[in-house]
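These notes concern the structure reproduced below.
Keep in mind that the numbers below use all heavy atoms, side chains included, and drop hydrogens, waters and symmetry copies. Letters A, B, ... mirror the listed sequences (proteins, then strands); counts begin at 1.
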2 protein chains.
Amino acid sequence: MSPKITTELLKHLRQVMKNPRYVQDPVQAYIVPSGDAHQSEYIAPCDCRRAFISGFDGSAGTAIVTEQHAAMWTDGRYFLQAAHQMDSNWTLMKMGLKDTPTQEDWLVSVLPEGSKVGVDPFIIPADQWKRMSKVLRSAGHDLVPVKENLIDTIWTDCPQRPCKPLITLDLSYTGVSWRDKIVALRSKMAERKVMWFVVTALDEVAWLFNLRGSDVEYNPVFFAYAVIGMNTIRLFIDGDRIMDPAVREHLQLDSTLEPEFKIQVMPYGSILSELQAVGAGLSPKEKVWLSDKASYALTEAIPKAYRYLTPYTPICIAKAVKNAAETEGMRRAHIKDAVALCELFNWLEKEVPKGTVTEIVAADKAEEFRSQQKDFVELSFATISSTGPNGAIIHYKPVPETNRTLSVNEIYLLDSGAQYKDGTTDVTRTMHFGTPSAYEKECFTYVLKGHIAVSAAIFPNGTKGHLLDSFARSALWDCGLDYLHGTGHGVGSFLNVHEGPCGISYKTFADEPLEAGMIVSDEPGYYEDGSFGIRIENVVLVIPAETKYNFKNRGSLTFEPLTLVPIQTKMIDVNLLTEKERNWVNEYHQKCRAVVGAELERQGRHEALRWLLRETEPLAPVQ
Amino acid sequence: MSPKITTELLKHLRQVMKNPRYVQDPVQAYIVPSGDAHQSEYIAPCDCRRAFISGFDGSAGTAIVTEQHAAMWTDGRYFLQAAHQMDSNWTLMKMGLKDTPTQEDWLVSVLPEGSKVGVDPFIIPADQWKRMSKVLRSAGHDLVPVKENLIDTIWTDCPQRPCKPLITLDLSYTGVSWRDKIVALRSKMAERKVMWFVVTALDEVAWLFNLRGSDVEYNPVFFAYAVIGMNTIRLFIDGDRIMDPAVREHLQLDSTLEPEFKIQVMPYGSILSELQAVGAGLSPKEKVWLSDKASYALTEAIPKAYRYLTPYTPICIAKAVKNAAETEGMRRAHIKDAVALCELFNWLEKEVPKGTVTEIVAADKAEEFRSQQKDFVELSFATISSTGPNGAIIHYKPVPETNRTLSVNEIYLLDSGAQYKDGTTDVTRTMHFGTPSAYEKECFTYVLKGHIAVSAAIFPNGTKGHLLDSFARSALWDCGLDYLHGTGHGVGSFLNVHEGPCGISYKTFADEPLEAGMIVSDEPGYYEDGSFGIRIENVVLVIPAETKYNFKNRGSLTFEPLTLVPIQTKMIDVNLLTEKERNWVNEYHQKCRAVVGAELERQGRHEALRWLLRETEPLAPVQ
């Protein structure tokens with residue numbers, strides 16, 4: 001991977017930063033955040049402005065360009081990748097390290113007095129604007145909204161914004177109709193005494209209307225906003241996709257409906273002016289509910305006194321708790337996904353020794369097997385297929401320049417998942433196709449102990465996921481090992497593979513308490529730079545637990561693994577496991593055998609079934 | 001405990017709330033916070049205004065009185081106590097419960113339009129003022145500072161503000177001279193480019209000048225402020241205590257010194273006008289550093305553009321990391337404290353069966369034994385001496401109305417500590433003087449497992465204490481039990497028994513990372529309302545740990561118990577312990593024996609020594 005040469009681009013950008021055609025006054029710094037106007041984690045090619053200007057295309061990072069400097073903030077997952085992809089014009093700011101300044105502090109340290117710092121008000125979340133603006137102002141600078149995106153002005157071959165057809169989901173997938181979701185939302189609005197709710201996150205629009213799209217790769221969403229009033233529903237969406245008869249029927253656009261369920265379809269680009277009109281027409285005490293992460297532009301459309309901002313919207317919270325139809329869908333999706341991976345691993349076991357399987361070939365093969373499964377739509381993220389030292393690059397994606405051949409001498413890490421119409425999967429397995437070293441087995445076993453500690457944890461109802469993060473690290477910590485990422489994230493139901501408001505990470509405090517029906521990943525790891533990477537990831541469902549004393553009737557919770565793919569026993573040093581941990585592995589494998597075995601049988605995949613049976617043999621007793 | 005009758009007092013207060021002698025315009029509500037002008041947790045009698053007006057004297061609570069209502073906000077530790085101590089004029093607002101409104105929201109719901117809400121600007125922290133003021137303003141009300149404290153105007157027999165003699169601490173106790181502390185502080189100020197630092201917390205003033213006092217019970221502090229400039233030192237303190245020759249010499253008040261170390265002593269009451277003068281004389285870019293918890297009055301003295309506010313001051317952070325002299329002092333103090341407790345428990349074992357030992361008698365006896373130790377100054381907090389159901393009241397303090405007699409049929413919980421000139425102690429032991437039930441032993445053993453899990457935890461340098469909190473709960477959680485308080489707090493060195501910026505609690509996120517030399521408590525518990533309470537508390541020192549891989553040279557940390565008091569083995573169900581936990585208990589008891597045994601021997605306390613030897617017998621092997 002050679003770095004992108006950005007000298008000319010930066011020169012260009014610094015010119016437009018002073019060009020009165022685009023900025024009222026010259027800006028001495030310009031911020032290029034990661035996201036799009038919906039604060040999405042995964043974005044469409046036309047929104048990859050930070051990657052365009054810097055070359056760094058990881059999922060998280062913020063670029064700031066001043067007249068003298070160009071700096072990139074990103075987190076531990078991407079330190080190596082960013083260093084590889086950026087040329088010497090760029091300074092890498094390693095977030096999470098003690099001596100790394102915040103973006104605000106860095107700006108204050110490098111800017112001349114009384115500077116203006118520009119940013120696209122649609123791309124920057126309101127809460128971030130507020131924080132940065134405050135620090136900059138107190139140091140005598142100004143954060144200013146620049147209406148025209150300055151990257152777009154220099155990006156001559158910028159791709160079009162996608163506008164793909166929609167998929168309608170019926171009750172068998174969603175469990176609840178969009179009308180009932182609107183009713184529930186309005187009741188939350190009434191509780192908080194707000195008159196309007198603005199839906200800005202793409203997965204929230206998709207979930208609310210039981211629609212899916214494919215505007216953003218891996219994320220079955222479509223570009224749209226919605227504004228829900230107590231008696232009105234406005235959907236801001238472009239293109240003729242809304243003319244599709246199936247969509248029209250699903251949304252009942254041509255039916256005679258009670259007026260409060262009649263959807264008014266409006267152009268995507270009219271959201272700001274429509275919201276400004278709503279803002280202008282408010283009577284005292286009429287509040288408008290927005291996520292505090294909505295864009296600064298939309299937030300400003302509502303006068304301050306009328307805003308009701310919360311970190312998580314009621315849709316975000318409702319969406320996280322899966323109903324019976326969604327849970328059953330997720331179970332089905334994970335069984336199909338396990339079938340595909342049994343096929344893949346069986347195939348790899350035979351092919352790797354021949355020396356012809358590269359990381360890309362393996363990733364493609366995984367996709368091929370997945371695509372054979374019913375209701376397969378697409379992958380849920382770019383497959384991380386990495387062997388040897390590439391495994392230590394946490395969010396690695398193989399490209400021809402880095403593509404390594406799998407061998408019997410290196411650890412192979414595969415982190416992959418798919419979107420099925422009934423659910424979203426995300427699974428990581430770490431394998432060795434030869435004989436792992438004692439050290440590799442030792443590290444793998446600590447990671448496994450951490451995985452089990454979370455998966456088998458019992459905790460009271462109302463516990464926040466971040467309180468479980470240290471359980472995943474304890475065995476590693478005992479030996480002086482750690483990993484620099486969180487332990488788990490929320491997972492959508494045929495939606496984004498990363499979703500809030502719950503998760504398992506030491507980095508947050510503001511996560512919502514876990515409750516039965518929520519789905520998160522459990523994925524501790526260990527990474528040895530230049531050598532190997534290990535991660536063991538299951539998607540797990542929060543379920544009620546049976547405990548002796550049940551927290552004085554507060555209720556007990558634990559996790560049930562939805563992912564049912566064998567964990568390679570060859571990598572386990574059984575002597576490092578406790579009896580309880582050994583039983584966990586054996587019971588987990590027993591379940592893989594029973595559930596996935598039956599499906600392999602049903603699909604007539606006998607060779608993969610034999611592989612599954614071999615891989616799920618009980619662990620040898622502790623010596 | 002009968003409630004305080006407050007009808008007349010409230011009538012009186014409501015009169016002064018409208019009296020133009022005290023308020024510019026009538027205030028429709030008056031807030032009486034818990035703290036003093038230094039935002040202390042423990043306060044002097046003259047500052048117990050909230051207790052005076054309401055009768056409720058717990059350590060945390062805020063009273064708000066309007067023309068119609070009187071309401072008291074307090075947390076779970078004090079629900080029972082507050083309900084007992086307040087009469088029917090008062091409404092108890094149970095903080096932490098879902099349906100309890102915040103103070104701001106409640107005010108908005110009860111106040112007539114356009115109300116004024118008064119508060120003493122010296123008592124309310126600036127960050128709280130900001131939050132309340134914002135909510136009130138957005139609802140059309142005003143938060144206004146009332147210069148004269150309205151409680152003081154009706155409190156006819158208000159005690160005098162204490163002004164007790166000072167204690168000077170030499171280098172053998174402090175390790176660092178006050179001059180060197182000033183030098184270090186100024187270098188932190190230079191790093192952040194601030195010209196002035198305002199010391200508002202009483203323990204920070206005491207630590208900085210290596211002085212102690214006794215103005216507040218249990219806390220060896222004295223009423224003072226300090227303002228440190230790059231070339232000046234101003235100490236605001238009252239009374240002739242500064243005329244004490246030892247103090248004058250310690251502070252070098254009569255020596256010829258470099259001007260930047262010359263201390264100007266000024267009256268305590270002149271802080272506001274002096275700070276206003278500093279504020280008025282600032283040139284652009286000259287910042288003044290204050291804690292964001294400093295009073296609104298002092299914060300407002302500095303124009304907004306010149307303020308530099310942080311949640312933790314550099315003194316708070318430096319104070320938390322104990323140097324070698326302080327650590328050695330803490331060790332000595334804990335050995336003496338253990339001697340006193342061995343004497344006490346030996347005495348209790350003999351006396352309890354006679355049925356004559358009450359909670360108060362036991363607490364007094366504990367103080368008596370402690371006071372026999374060298375350099376004993378006072379207790380470090382009100383002794384929690386509680387038996388049976390009283391043990392379930394987490395911050396219980398025995399009073400004649402509740403005083404229960406210890407017996408061989410109930411669990412006894414003693415949470416106590418002392419101030420010695422060389423260190424501060426805080427220890428909880430839970431004992432049974434008869435035969436504990438299987439259930440009591442089970443609960444005790446889970447608490448012990450949690451205590452050990454924290455105490456023996458190994459974690460990377462830079463880990464925040466709150467990430468260890470769940471380790472203390474895991475064993476309890478497995479059986480559906482939990483406790484509703486944090487696991488640990490920072491402990492001062494001959495200073496406040498509770499101090500920031502570190503701790504071990506699920507409730508915070510903003511704690512500073514643990515580093516070697518910090519001292520915290522490790523005190524999980526379990527409480528069965530109406531029946532018993534269990535808590536096992538050691539004070540522990542953060543020390544470097546030896547690990548196999550040492551976190552890629554980031555460094556490993558663990559804890560060393562400073563508290564060396566036997567944990568009653570009779571209460572342990574050995575079969576619930578792992579081999580590792582059993583070894584921990586045995587090694588801990590071995591250390592108690594060796595270290596405290598030697599001191600008991602030296603002090604000729606042979607009977608207590610025999611008790612110690614009996615109580616530290618190794619645990620029976622697991623059956």
What part of B:Y526 is in contact with chain A, defined as an atom under 4.5 angstrom from a non-hydrogen atom: side chain, backbone, both or neither?
side chain

In this structure, are over 12 heavy atoms from other groups packed under 6.0 Å from B:E191 atom CD?
yes

Can B:K552 and A:D529 be counted as an ion pair, charged N to O under 4.0 angstrom?
no

I'd like to verify something: which residue of B:E528, B:E442, B:K464, B:H466 has the highest number of heavy-atom pairs under 4.5 Å with chain A?
B:E442

Answer with side chain, backbone, both or neither: which region of B:K285 has an atom nearer than 4.5 Å to a non-hydrogen atom of chain A?
side chain

Which atom names give the shortest non-hydrogen contact between B:F551 and A:L481, and what distance separates them?
CE2-O, 3.1 Å

Do B:Y549 and A:Y446 have ring centres separated by under 6.0 Å?
no

Closest non-hydrogen atom pair, A:T463 against B:W477:
CG2-CH2, 4.0 Å

With under 30° as parallel and over 60° as perpendicular, where do the rings of B:F509 and A:F509 fit, or are they tilted in between?
parallel

To the closest 0.5 Å, what do you measure between OG (A:S138) and NZ (B:K304)?
10.0 Å

Relative to chain A, which segment of B:T558 carries a heavy atom at a distance below 4.5 Å: side chain, backbone, both, or neither?
neither

Begin from the C-alpha positions of A:R554 and B:D482 and carry the test side chain to side chain contact (heavy atoms under 4.5 Å, CB included) through to its verdict.
CA-CA 10 Å; A:R554 188 173 160 200; B:D482 196 13; 3.5 Å; yes

As an exercise, state the distance from CG of A:D478 to NZ of B:K548, rounded to the nearest 0.5 Å.
11.5 Å

Whatever's closer than 4.5 Å to a heavy atom in chain A on B:K507 counts as backbone

Under a 4.5 Å heavy-atom cutoff, which of B:A453, B:P460, B:S474 has the most pairs with chain A?
B:P460

Ranking B:N550, B:L467, B:D469, B:I458 by heavy-atom pairs under 4.5 Å to chain A gives rank one to B:I458

Where the side chain of A:S470 meets the backbone of B:L468, is there a donor-acceptor pair that is under 3.5 Å apart?
no

Part of B:K193 within contact of chain A (heavy atom distance under 4.5 Å)
neither

Heavy atoms of other groups near B:E546 CD, more than 12 under 6.0 Å:
no

Toward chain B, the part of A:Y439 with a non-hydrogen atom under 4.5 Å
side chain

Show your reasoning for whether side chain to side chain contact (heavy atoms under 4.5 Å, CB included) applies to B:T547 and A:C479.
CA-CA 5 Å; B:T547 57; A:C479 292; 5.7 Å; no

Counting only non-hydrogen atoms closer than 4.5 Å, does B:Y306 touch chain A with its backbone (N, CA, C, O), its side chain (CB onward), both, or neither?
neither

Listed partners of B:D75 passing side-chain contact (heavy atoms from CB on, under 4.5 Å), at least two apart:
B:A60, B:R77, B:Y78

